[in-house]
Number of protein chains: 2
Amino acid sequence: MKKTSINDIARHLGVSKTLVSFVLNGRAKEFRIGDDIAARVLEVAREMNYQPNRIAQGLRTGKTKTIGLIIADIANPFFGKLGREIEQEAALHDYHVIFCSSDENPEKSRAQIAMLQQSQVDGYIISPPINSEEQIRLLAKGRIPFVLIDRYFPEIESDYIVVDNYDAAYKATSHLLAQGRRRIANITMNLNLVNMNERTEGYKQALLGHSIAVDENLIKVLPFSHDNKDVTKAIQELLGSTDGRKADAILFSTSKIGVMGIECISALGLKIPDDVAVVSFDNADAYKICVSPVTVVGQPLQEIGKTAVQIIMDKIEHPRNPARFQHIKLNTELIVRKSCGS
Amino acid sequence: MKKTSINDIARHLGVSKTLVSFVLNGRAKEFRIGDDIAARVLEVAREMNYQPNRIAQGLRTGKTKTIGLIIADIANPFFGKLGREIEQEAALHDYHVIFCSSDENPEKSRAQIAMLQQSQVDGYIISPPINSEEQIRLLAKGRIPFVLIDRYFPEIESDYIVVDNYDAAYKATSHLLAQGRRRIANITMNLNLVNMNERTEGYKQALLGHSIAVDENLIKVLPFSHDNKDVTKAIQELLGSTDGRKADAILFSTSKIGVMGIECISALGLKIPDDVAVVSFDNADAYKICVSPVTVVGQPLQEIGKTAVQIIMDKIEHPRNPARFQHIKLNTELIVRKSCGS
DNA sequence: TAAATTAGCTAAATCGATTTAGTAATAAAT
DNA sequence: ATTTATTACTAAATCGATTTAGCTAATTTA
């Protein structure tokens, strides 16, 4: 049972495949195809269950109706939710998306971009790992539409959609200060990532704004591919000593770190918020049912995803020369729960 | 800066594109291409940064090196993790994957399958919604490789990979019984899904096996697209009355329901495990940092994902006629934490 | 009535690869 | 010296669409 092609329909009706193509593309009027034969084509196409071959269309038109998405890890709910929004918005434009998890590894992302290029995707949405500047620059040269999300490279001209990380961390830290916390720690990861860096900057400025000196010992930067051990060590150093703990509050810069961190805090037998207050980036499900539900910085995932797709679509449909780049910075929302005291 | 094609290389070297194709496919020896010219081709290909056009290859060879994945929701960590495993294993075979979230909606899944067919994917991995039997049957007729995961249709001949849901629920329920619980409830969703049905069957048989009658009032079947309200209602009915609660334990059949459920339990001011013991399917992150960490039924996601891809690859590479179908049933692991008492 | 226009359709090129069938030149065998 | 093999390569068909250029017959205009 081979698939029906445009040729099969043409042969079946004794007309040219040109005619069939015109009709199926809804351009019958434009090319003065007779009403009766046009109707017959549609009818036969349905009868024979004709499905256009997108690969063939793609070869001829240069459009695959596919966008490539590179994120750190689709198993991470933050990216999962983002991916879902992107998939949904893309579907509205009759596009589908190839998901690639880079693990924040520039070598992986390089290989993934290459593969997506070979597959002739029409556009890319990328959350670029550090040290992937060169790949991105190359992409830009290739004139293939792309948007960066979550982070960006200040030195590269491109479209990007991010949240106001500085402001978000500033708000979160201020909230902790307002609850009377003074020795506020920050656990984050590789500060070469702009977004992480901005978060820590916002945290520092909030402290300074309230006339509190920044104590570098309270800032724990985890190695890139962190795991439970790294988090445990950081928490130990901040809260471990029995006589007077170093910190009375922690700002987690990602939910992956935060979830592990809270696990450690519980393991140490400490209570949130009594022994230590907690705020985290990203509104993970886990935070809702936590020992004491965690106050978080919520990101507008739907808007990020939707806008990213829309920018890509716009670039695909209206290739501008020279390009004008959109730099979109969205606001976050501090969702107050119980982890900072009442 | 247009992309380099095989023709460009051929022209540049004054040879035929046939020769170039042979060399680039590593079939130089096979077709007796001279060593020197073969070396030159490779050299020039690198210099000109040649990237094969997979779309063109796909059209000619009929292989797109793409597999389509249809799951309920990529934002759901269960499917996110599964998707990640599938992506990873596929990459090993130089395949990539198009993700589609069906929301358990058969109409969506139908449209997604159609789109994937048009895109000529080489194979499908599908977690089929209820009432999608007809689509699956059609796929089977089309001779395109596919595997079902998480659930299957007993009446359709196909490959599938599932876990032993009956056994998993039996073990989980037995564990609750062993902790002295007697009024054990089950909150699940649409029982037309085989996997959900098997879970509830395992639950019932465990009760009967311990000479406890099944009380249908303790089994709450949530509507298909359930949300917080549905869960709240179920929990209310089970635990709401102040005088003597109906249930002293709950088995949640999915983590999505379970996480919401625990939120409700907390909202009612009840304590786990003192007021009610809890076991849930799926080892969600949230369960690790819960008020009292939740005992769960862990599924072998890596094995499911890996095996699914391997079966698809095998079918793509060795199209068998007549087909022989693999029915794989994997074991689960009961991960005991604190939510059932000590 | 001849020229110009329009309606309705088709042939063939094209996208970028793969693959079959073949050719020309040289070397080996008879 | 002729036939046969072998070596090194190429022309052209093909996959399934889109699209340009053009053709014929009927109709309108001059």
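Each chain gets a letter, A, B and so on, in the order its sequence line appears, and its residues count up from 1. Any value given below was found using the heavy atoms of this structure, including those in side chains, with hydrogens, waters and symmetry copies removed.
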Next on the checklist: Check this one for me: any side-chain N or O of B:Ser5 less than 4.0 Å away from OP1 or OP2 of C:dA17?
Outcome noted: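 Yes, such a contact exists.
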Checklist entry - According to a strict under-4.0 Å criterion, is B:Arg27 in side-chain N/O contact with OP1 or OP2 of C:dT19? => result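 Checking C:dT19 against B:Arg27, a side-chain N or O does come within under 4.0 Å of OP1 or OP2.
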The side chain of [X] lies closest to which of these nucleotides: [options]?
{"X": "A:Arg32", "options": "C:dT19, C:dA7, D:dT20", "result": "C:dA7"}
{"X": "A:Ser16", "options": "C:dA11, C:dA17, C:dA13", "result": "C:dA11"}
{"X": "A:Ile6", "options": "C:dA11, C:dT18, D:dT18", "result": "D:dT18"}
{"X": "B:Phe22", "options": "D:dA17, D:dT18, C:dT20", "result": "C:dT20"}
{"X": "B:Gln57", "options": "C:dC9, C:dT18, C:dT20", "result": "C:dT18"}

Next on the checklist: Testing the basics here: between A:Arg54 and B:Ser119, what is the closest heavy-atom pair and its distance to 0.1 Å?
Outcome noted: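 Where A:Arg54 meets B:Ser119 most closely, the heavy atoms are CD-OG, 3.6 Å.
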Whole Å only: how far is the [atom1] atom of [X] from the [atom2] atom of [N]?
{"X": "B:Glu30", "N": "D:dT6", "atom1": "CD", "atom2": "P", "result": "17 Å"}
{"X": "B:Ile55", "N": "D:dT14", "atom1": "CD1", "atom2": "C1'", "result": "17 Å"}
{"X": "B:Asn53", "N": "C:dT18", "atom1": "CG", "atom2": "P", "result": "10 Å"}
{"X": "A:Lys17", "N": "C:dA13", "atom1": "NZ", "atom2": "C1'", "result": "10 Å"}
{"X": "A:Leu59", "N": "C:dT18", "atom1": "CG", "atom2": "P", "result": "12 Å"}
{"X": "B:Leu24", "N": "C:dT19", "atom1": "CG", "atom2": "C1'", "result": "15 Å"}
{"X": "A:Ile33", "N": "D:dT19", "atom1": "CD1", "atom2": "P", "result": "14 Å"}
{"X": "A:Phe31", "N": "D:dT18", "atom1": "CZ", "atom2": "P", "result": "11 Å"}

Item to check | Position toward the 5' end of DNA chain D (nearest nucleotide), B:Gly14 or B:Ala56 | outcome: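 Nearest-nucleotide comparison on DNA chain D picks B:Gly14.
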Checklist entry - Under 4.0 angstrom, heavy atoms only, what part of the nucleic acid is A:Ile37 near: base, sugar-phosphate, or nothing? => result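 Here A:Ile37 touches the backbone only, sparing every base.
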Next on the checklist: Under 4.0 Å, counting only non-hydrogen atoms across every strand here, what does B:Asn25 touch: a base, just sugar-phosphate, or nothing?
Outcome noted: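 Here B:Asn25 touches the backbone only, sparing every base.
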Checklist entry - Taking the six-membered ring for Trp, are B:Tyr160 and B:His327 parallel (under 30°), tilted (30 to 60°) or perpendicular (over 60°)? => result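 Aromatic pair B:Tyr160/B:His327 classed parallel.
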Scan side-chain atoms only and decide if [X] and [Y] contain a donor-acceptor pair under the 3.5 Å cut-off.
{"X": "A:Ser102", "Y": "A:Gln112", "result": "no"}
{"X": "A:Gln51", "Y": "A:Thr4", "result": "no"}
{"X": "B:Asp103", "Y": "B:Asn105", "result": "no"}
{"X": "B:Arg151", "Y": "B:Ser127", "result": "yes"}

Distance-only donor-acceptor test (3.5 Å): side chain [X], base [N]:
{"X": "B:Arg60", "N": "C:dT18", "answer": "yes"}
{"X": "B:Thr18", "N": "C:dT18", "answer": "no"}
{"X": "B:Ser21", "N": "C:dT19", "answer": "no"}

